[in-house]
2 protein chains.
Amino acid sequence: MTNSNEDIKCPVASTLKFIGGKWKTVILYYLTSGKKRFGEIAVRIPTISRKVLTQQLKELERDGLIFKEQYKEIPPRVEYSLTDLGKSLNLVFKEMSNWGLENVLNKK
Amino acid sequence: MTNSNEDIKCPVASTLKFIGGKWKTVILYYLTSGKKRFGEIAVRIPTISRKVLTQQLKELERDGLIFKEQYKEIPPRVEYSLTDLGKSLNLVFKEMSNWGLENVLNKK
DNA sequence: CCGAATCCTCTAGGATACTG
DNA sequence: CAGTATCCTAGAGGATTCGG
């Protein structure tokens with residue numbers, strides 16, 4: 001879901017470019033509750049591979065939604081947290097969460 | 001973005017399953033202003049191929065977000081409109097639209 | 001512990017041509 | 001006009017291994 005310019009200028013679709021990855025909403029939503037280490041996120045999403053997790057985190061960082069803190073220790077420690085831009089998605093997530101709860105999860 | 005069950009129960013992600021296709025938000029957003037014919041949608045989204053448009057419409061119909069009316073005339077006429085479930089996404093779209101306008105479209 | 005490096009699979013999405 | 005029917009490709013996503 002990289003930015004490409006060949007597209008329609010649809011505000012809704014442009015938002016999707018940022019959060020449209022398969023795991024991005026899950027990651028961002030999880031980070032809502034505060035700073036998390038790489039391993040914590042990985043545990044929380046058992047079905048994601050390390051590579052993909054790294055990828056998605058990189059894209060989120062590139063898009064300015066999350067912030068990466070790296071401690072040069074042994075063993076290494078890396079922490080991810082939401083930037084202001086990332087936090088500004090909370091209204092979007094709130095509505096998406098409501099809709100998902102009402103119309104999907106509580107439906108089956 | 002078909003429904004698969006192997007995933008986390010994340011409300012936000014489950015919503016994405018419904019609107020996560022490349023063109024789905026654009027289509028749904030356009031249908032907000034009322035019932036539209038296949039051709040009208042195609043014109044509105046010039047860069048989409050007929051096949052893909054058909055695909056996305058089918059999935060949206062399967063997911064209960066849009067309703068398809070088919071008139072057995074020559075030449076054929078087909079009209080798509082939002083279902084109640086589709087309309088219930090308006091809050092989600094509103095927030096996504098706001099965010100996209102503020103943080104993407106008006107940023108560059 | 002974190003993640004870079006490979007290699008591989010799968011499918012969403014695209015180009016084009018044909019039909020009732 | 002509104003689709004099918006083929007064929008094709010890029011890239012998202014996955015499994016595994018290696019390294020600081």
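The basis for the numbers below is simple: all heavy atoms, side chains too, and nothing from hydrogens, waters or symmetry mates. Letters go in sequence order (proteins before strands), and every chain restarts at 1.
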Decide whether a cation-pi geometry holds between K36(B) and Y30(B); the criteria are a distance under 6.0 Å from NZ or CZ to the six-membered ring centre and an angle within 45° of the ring axis.
-> yes
Tell me which of P76(A) and S49(A) sits closer to the 5' end of DNA chain D, going by the nucleotide each one is nearest to.
-> S49(A)
For atom NZ of K72(B) and atom C1' of dA2(D), their distance in whole Å = 11 Å
Which is true for Q56(B) with a 4.0 Å heavy-atom rule: it touches a base, it touches only sugar-phosphate, or it touches nothing?
-> sugar-phosphate
Between the CZ atom in R44(B) and the CD1 atom in I27(B), the distance rounded to the nearest 0.5 Å is 12.0 Å
If you look at every strand shown and take non-hydrogen atoms under 4.0 Å, does V78(B) touch a base, only sugar-phosphate, or nothing?
-> sugar-phosphate
Residues K22(A), T25(A); criterion side chain to side chain donor-acceptor pair (under 3.5 Å); working and verdict | CA-CA 8 Å; K22(A) 180 166 182 185; T25(A) 54; over 6 Å; no
Between dA15(D), dC2(C), dG14(C), spot the one nearest the side chain of F38(A), thanks.
-> dC2(C)
Roughly, in whole Å, what's the span from CD in E79(A) to P in dG3(C)?
-> 11 Å
Using atom CG of L57(B) as one end and atom C1' of dA12(C) as the other, report the distance to the nearest whole Å.
-> 15 Å
Against the side chain of K68(B), the closest entry in dG3(D), dG3(C), dG14(D) is dG3(D)
How close or far is atom C1' of dA12(C) from atom NZ of K24(B), stated in whole angstroms?
-> 10 Å
Rounded to whole Å, the CZ-C1' distance (R77(B) to dG3(D)) equals 16 Å
Measure the distance from CG on L53(A) to C1' on dA15(D) and round it to the nearest whole Å.
-> 15 Å
Identify the heavy atoms of W99(B) and V92(A) that sit nearest to each other, and give their distance.
-> CB-CG2, 3.9 Å
Among the nucleotides dA4(C), dG14(D), dG14(C), whichever has the atom closest to the side chain of T54(A) is dA4(C)
Side chain of I48(B) only, please: which of dC2(C), dG14(C), dG14(D) is the nearest?
-> dG14(C)
Name the closest nucleotide to the K51(A) side chain, picking from dC7(C), dC2(C), dG13(C).
-> dC7(C)
To the nearest angstrom, the NZ-C1' distance between K22(B) and dG14(C) comes to 9 Å
Which part of the nucleic acid, if any, lies within contact of Y80(A), taking any heavy atom under 4.0 Å across all strands shown: a base, the sugar-phosphate backbone alone, or nothing?
-> sugar-phosphate
From the candidates dA15(D), dT4(D), dC1(C), the one with an atom nearest any side-chain atom of K58(B) is dT4(D)
Would you indicate which nucleotide in dC7(C), dT16(C), dG3(D) comes nearest to any side-chain atom of Q70(B)?
-> dG3(D)
By nearest-nucleotide position on DNA chain C, the 5'-leaning member of R50(B) and R37(A) is R37(A)
Grab the CD-C1' distance between Q55(B) and dC7(D) for me, whole Å please.
-> 13 Å
Ion pair check, R77(B) and E69(B), cut-off under 4.0 Å | no
